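Heavy atoms only: backbone and side chains are in, while hydrogens, waters and symmetry mates are out. Model, not experiment: these values are computed from the prediction.
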Amino acid sequence: MIDIPFDDIEAARGQVSGEFGPWGESCEVSQVMIDTFAELTSDRQWIHVDPTRAAAGPFGSTIAHGFLVLAMLPAVRPPNTYRLTGWGAVANYGIRALRFLRPVHSGSSIRACSHLLDVEQHRRGTLLTQQVKVQCVGADQPSLLLELQLLYMPC
């Protein structure tokens, strides 16, 4: 892993790649997690919380909310080949693109990989855009694909 000062835009741009990096650790998406998320968000649609009805539904079982899978990104964070140093704070700046492509069935394990798409000078620091792919372990297609933007700021 190489260290790059967060404000060295050109060095950070040297990490831009069209290839996804390695997978991060996996994490199981349990029915308890799905039910808890449903209660927190008041999204209690039967495809998420009713295993009996969902078994006969379009997905064959309950599935995780797309936003639950998105919220689990910190748990399945993929490793980078670089580390930005010298920043005082990092903030989620936004999501440039987001697609829910495949369901995540209750009991599935998910993992993520990413690659750096862009590095920009921002008035408050350095803005990195990563493409992140979240996929069920053993699947051949992603469940979630997004372009995540993180803003690295000085102290």
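Once rounded to the nearest 0.5 Å, the distance linking OG of Ser114 with CG of Leu146 reads 9.5 Å. The line from CZ of Arg99 to CG of Leu145 is 9.0 Å long, rounded to the nearest 0.5 Å. Remark: Ser106 OG to Ile34 CD1 distance equals 4.0 Å, nearest 0.5 Å. Rounding to the nearest 0.5 angstrom, the gap separating the NE2 atom in His115 from the CD atom in Gln131 is 4.0 Å. Atom CD of Gln15 and atom CG of Leu128 lie 10.0 Å apart (nearest 0.5 Å). Taking CD of Glu10 as the reference point, atom CG of Asp7 lies at 12.5 Å (rounded to 0.5 Å).
By the 4.5 Å heavy-atom criterion applied to side chains, Leu151 and Gln149 are not counted as neighbours. Thr129 is not listed as a side-chain neighbour of Leu148, based on a closest heavy-atom distance of 4.5 Å or more. Phe59 places a side-chain heavy atom less than 4.5 Å from the side chain of His105.
Every residue two or more places apart in sequence or in another chain that forms a side chain to side chain contact (heavy atoms under 4.5 Å, CB included) with Ile9 is listed here: Arg13, Val119, Gln121, Thr126. For the ring pair (Phe, Tyr, Trp, His ring centres under 6.0 Å) test, no residue two or more places apart in sequence or in another chain qualifies with Trp46. With sequence neighbours left out, Ala11 forms a side chain to side chain contact (heavy atoms under 4.5 Å, CB included) with Ile4, Asp8.
Put simply, Ile95 and Phe100 are part of the same group of oily side chains (I, L, V, M, F, W, Y) that touch within less than 4.5 Å, one to the next. Leu127 and Leu98 are members of different hydrophobic clusters when ILVMFWY side chains are connected at heavy-atom separations under 4.5 Å. By the criterion of side-chain heavy atoms lying less than 4.5 angstrom apart, applied directly or through intervening Ile, Leu, Val, Met, Phe, Trp or Tyr residues, Val90 is grouped together with Leu116 in one hydrophobic cluster.
Just one residue in the list Phe6, Tyr152, Tyr93 forms a ring-ring contact (aromatic ring centres under 6.0 Å, His included) with His122, and that residue is Tyr93.
Atom CZ of Arg124 sits in a sparse spot, with 12 or fewer heavy atoms from other residues, nucleotides or ligands closer than 6.0 Å.
Using modelled atom types, one side-chain atom of Thr41 and one backbone atom of Phe37 make a donor-acceptor pair closer than 3.5 Å.
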Using a 3.5 Å cut-off and no angle test, enumerate the donor-acceptor pairs between side-chain atoms of residues 62-78 and protein atoms at least two apart in sequence or in another chain.
unit_1 : atom_1 : unit_2 : atom_2 : d
Thr62  : OG1    : Gln31  : OE1    : 2.4
His65  : NE2    : Asp43  : O      : 2.9

For a quick test of your reading: what N or O donor-acceptor pairs under 3.5 Å do the side chains of residues 137-144 make, sequence neighbours left out?
unit_1 : atom_1 : unit_2 : atom_2 : d
Gln141 : OE1    : Arg102 : NE     : 2.7
Gln141 : OE1    : Arg102 : NH2    : 2.2
Ser143 : OG     : Arg102 : O      : 3.4

Sequence neighbours left out, cut at 3.5 Å: what donor-acceptor pairs do the side chains of residues 16-29 make with other protein atoms?
unit_1 : atom_1 : unit_2 : atom_2 : d
Ser17  : OG     : Glu19  : N      : 3.0
Ser17  : OG     : Glu19  : O      : 3.4

